[in-house]
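Data first, discussion second: the structure below is written as structure tokens.
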Amino acid sequence: EAQVTQNPRYLITVTGKKLTVTCSQNMNHEYMSWYRQDPGLGLRQIYYSMNVEVTDKGDVPEGYKVSRKEKRNFPLILESPSPNQTSLYFCASSSTDSNQPQHFGDGTRLSIL
Amino acid sequence: QQPVQSPQAVILREGEDAVINCSSSKALYSVHWYRQKHGEAPVFLMILLKGGEQKGHDKISASFNEKKQQSSLYLTASQLSYSGTYFCGTGNWGGQNFVFGPGTRLSVLP
């Protein structure tokens, strides 16, 4: 089954404790993105990647890091999380075909205390 | 720059129609429409790539006016399952600089 898998689905942690949210896709997609979703603001892009070792900032990259060492994986790293990073996070992937949509993972709800 | 969506929220009775608009101050090269149920992942509805393009499936359709830099989503004879938040999105393809609108919350009542 074609899917984007995020882990964990839920995480409660404390300020300053490094964490990683993993994202993996099995569709051989070149493009992957991370979004955060906050009430009233919609989905805002954090980082995107066009292929292995090619990443770039989206609209709200501050406080986040990403890496793309393999085509299928695109982890999101919070080196020193802060309460304002409490949010619902989505990973998405897509092919190079502009007729095709982004496929979203089920989301990760992060609470930073 | 984030697209603007209107209305912010709409409440319908089952069987009524609705229109959701999406506009941008920047040139639109494509418009994507998604629906999201609370706490779930966005679900793809359709992509419009060309100005003037219209698409639809079931009783949901959309149009894209490239000159006016806007797109509209039409929901006809709404069903309870149509409830959710609808997002339009636009940007360069490859995912770079892809921006979603703030969403329109649609509630369909029996």
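Quick note on labels: first sequence line is chain A, next is B, and so on, each numbered from 1. All of these numbers come straight from a predicted model, not from anything done at the bench. In what follows, every heavy atom counts, from backbone to side chain, and hydrogens, waters and symmetry copies are set aside.
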* Go through the atoms of A:D59 and report whether side chain, backbone, both or neither lie under 4.5 Å from a heavy atom of chain B. => side chain
* To do: Go through the atoms of B:Q36 and report whether side chain, backbone, both or neither lie under 4.5 Å from a heavy atom of chain A.
  => side chain
* Structure fact -> When every non-hydrogen atom of A:Q37 is compared with those of B:F87, the smallest separation belongs to NE2-CZ, 3.4 Å
* Please indicate whether B:K59 has more than 12 foreign heavy atoms, meaning atoms of other residues, nucleotides or ligands, lying under 6.0 Å from its NZ. => no
* Structure fact -> Between the CZ atom in B:F44 and the CD atom in A:Q100, the distance rounded to the nearest 0.5 Å is 7.5 Å
* Greater than 12 external heavy atoms within 6.0 Å of B:L80's CG -> yes
* Donor-acceptor pair, B:Y34 side chain versus A:Q102 backbone, under 3.5 Å? -> yes
* **Atom of B:A41, atom of A:G105 and distance for their closest heavy-atom approach** => CB-O, 3.1 Å
* Counting heavy atoms not belonging to A:E53, are there more than 12 under 6.0 Å from its CD? -> yes
* Residue list, salt bridge (charged side-chain N to carboxylate O under 4.0 Å, His left out) with A:K71, at least two apart or on another chain -> A:E30
* Rounded distance (nearest 0.5 Å) linking atom CZ of B:F98 with atom OG of A:S94 -> 9.0 Å
* Shortest non-hydrogen contact from A:G40 toward B:P102 -> O-CB, 3.8 Å
* So which part of A:L41 gets closer than 4.5 Å to some heavy atom of chain B, the side chain, the backbone, both or neither? -> backbone
* To do: Decide if atom CG of B:L109 counts as having more than 12 heavy atoms of other residues, nucleotides or ligands within a radius under 6.0 Å.
  => yes
* **Toward chain A, the part of B:Q2 with a non-hydrogen atom under 4.5 Å** => side chain
* **Set of salt bridge (charged side-chain N to carboxylate O under 4.0 Å, His left out) partners for A:R36, sequence neighbours left out** => A:D38
* Asked: Around atom CZ of A:R44, are there more than 12 heavy atoms of other residues, nucleotides or ligands at under 6.0 Å?
  -> yes
